[in-house]
Engineer: 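Sending over a structure as structure tokens; questions will come in a sec.
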Amino acid sequence: MSFLPARASATGELSPTDEEKRDFVCFLVERTRYALPLERVERVVRMVLITPALDRPDWIAGVVNVQGGLLPVVDLRKRLGVPRREPELSDRLLIVSGAKGLFCLLADSVERIIRTPKSRVAPSGQEGEGPGLSLAHIRDESGIVTVLNADGLL
């Protein structure tokens, strides 16, 4: 994971405003805020037709065609234990780079990029809603955001 460079003061020490910062893509699933490290998100696209796939876990909604390649779509509602609903045209697909390659996450919406000091990113201390899903938590002006483990989602 990469960090943005910190700036040192004239004395060579970091001030709280100059602390190393991380960027996260913040998105919503059933009114709950989640995030992924920005370097893991290739891009965000509008909802497209999801083709059902056979012999997949139930939290895989299907596959989508992205530039001639088929990417699996993780239904975050199912994966996180949130009540399922049919995808809507207003939903978004986050194309994510994971340890096993590219895949898509189905989210209700994408809010913004959060740039936060490293000190506001706290390890989760628990496994989240499933094995290895929650990586950390961010406290910002809007509340708590759960940082998901991209490698644990697929």
Engineer: Provide the closest heavy-atom pair for A107 versus L94 in the form atom of the first, atom of the second, distance.
Structural biologist: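 Smallest heavy-atom distance, with atoms named: CB-CD1, 3.7 Å.
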
Engineer: Determine, step by step, whether L133 and N149 satisfy the side chain to side chain contact (heavy atoms under 4.5 Å, CB included) criterion, reporting the C-alpha distance in whole Å, the side-chain angles of both residues, the deciding distance to 0.1 Å, and the verdict.
Structural biologist: CA-CA 5 Å; L133 297 183; N149 177 1; 5.9 Å; no

Engineer: Please determine whether residues V29 and L93 belong to a single hydrophobic cluster, defined as Ile, Leu, Val, Met, Phe, Trp and Tyr linked transitively by side-chain heavy-atom distances below 4.5 Å.
Structural biologist: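 No, separate clusters.
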
Engineer: What's the spacing between I138 CD1 and Y34 OH if we round to 0.5 Å?
Structural biologist: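 Reported to 0.5 Å precision, the distance equals 13.5 Å.
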
Engineer: So does P83 get a backbone contact from the side chain of R77, meaning a donor-acceptor N/O pair under 3.5 Å?
Structural biologist: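 Yes: the side chain of R77 pairs with the backbone of P83.
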
Engineer: Work out which heavy atom in S97 is nearest to a heavy atom in A150; give both atom names and the distance.
Structural biologist: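 Looking at all heavy atoms of both residues, the shortest contact is O-CB, 4.4 Å.
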
Engineer: Can you tell me how far CD1 of I114 sits from CG of L36, rounded to the nearest 0.5 angstrom?
Structural biologist: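 Separation between the atoms: 11.0 Å.
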
Engineer: Do you know the tightest heavy-atom contact between V63 and P72?
Structural biologist: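 Shortest heavy-atom contact: CG1-CA, 4.1 Å.
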
Engineer: With the side chain counted from C-beta on, respond yes when P37 and V147 share a heavy-atom pair under 4.5 Å apart, and no when they do not.
Structural biologist: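 With C-beta onward as the side chain, the pair touches.
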
Engineer: Hey, any chance L38 and V96 share a hydrophobic cluster, counting ILVMFWY side chains that come within less than 4.5 Å of each other, even indirectly?
Structural biologist: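 In one cluster: yes.
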
Engineer: Between D151 and K100, does at least one N-O distance fall below 4.0 Å, as a salt bridge requires?
Structural biologist: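 No, D151 and K100 are not salt-bridged.
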
Engineer: Do V73 and L71 belong together in a cluster built from hydrophobic side chains that touch within less than 4.5 Å?
Structural biologist: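 Yes, V73 and L71 fall within the same hydrophobic cluster.
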
Engineer: Does any non-hydrogen side-chain atom of V82 lie less than 4.5 Å from one of T32?
Structural biologist: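 No - every pair of side-chain heavy atoms lies 4.5 Å or more apart.
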
Engineer: To the nearest 0.5 Å, tell me how far L102 CG sits from R40 CZ.
Structural biologist: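 Rounded to the nearest 0.5 Å, the CG-CZ separation comes out at 10.5 Å.
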
Engineer: Can you find a heavy atom in the side chain of V121 that is under 4.5 Å from one in the side chain of F24?
Structural biologist: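 In contact.
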
Engineer: Output a table of donor-acceptor pairs, distance under 3.5 Å, between side-chain atoms of residues 43-58 and any protein atom two or more places apart or on a different chain; print 'none' if there are none.
Structural biologist:
unit_1, atom_1, unit_2, atom_2, d
D58, OD2, K78, NZ, 3.3

Engineer: Rounded to the nearest 0.5 Å, how far does CZ of F27 lie from CG of L76?
Structural biologist: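 CZ of F27 is found 5.5 Å from CG of L76.
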
Engineer: For the OG1 atom of T116 and the CD atom of E20, what is their distance to the nearest 0.5 Å?
Structural biologist: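 Result: 12.5 Å between the selected atoms.
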
Engineer: Is there side-chain contact between V74 and I60, with at least one heavy-atom pair below 4.5 Å?
Structural biologist: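 Side chain of V74 against side chain of I60, heavy atoms only: contact under 4.5 Å found.
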
Engineer: Would one find more than 12 heavy atoms of other residues, nucleotides or ligands at under 6.0 Å from atom CZ of R84?
Structural biologist: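 Result for CZ/R84: enclosed.
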
Engineer: Please identify which of these residues, R31, R85, R33, meets the salt bridge (Lys or Arg N to Asp or Glu O under 4.0 Å) condition with D108.
Structural biologist: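 Running salt bridge (Lys or Arg N to Asp or Glu O under 4.0 Å) over R31, R85, R33 with D108 returns exactly one hit, R85.
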
Engineer: Roughly how far apart are L105 CG and I95 CD1, rounded to 0.5 Å?
Structural biologist: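 So the gap between those two atoms works out to 10.5 Å.
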
Engineer: Strictly below 4.0 Å, N to O, side chains only: are R22 and E39 in salt-bridge contact?
Structural biologist: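 The answer is yes: the pair qualifies as a salt bridge.
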
Engineer: Can you confirm whether P87 sits close enough to L106 that some side-chain heavy atom of one is under 4.5 Å from a side-chain heavy atom of the other?
Structural biologist: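 When only atoms from C-beta onward are counted, L106 and P87 do touch, with a gap below 4.5 Å.
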
Engineer: In sequence, state the C-alpha distance, the side-chain angles, and the governing distance for L70 and V64, and then conclude on side chain to side chain contact (heavy atoms under 4.5 Å, CB included).
Structural biologist: CA-CA 5 Å; L70 295 178; V64 294; over 6 Å; no

Engineer: Does R79 use its side chain to pair, donor to acceptor, with the backbone of L153 at less than 3.5 Å?
Structural biologist: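 Pair found, side chain donor or acceptor close to backbone of L153.
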
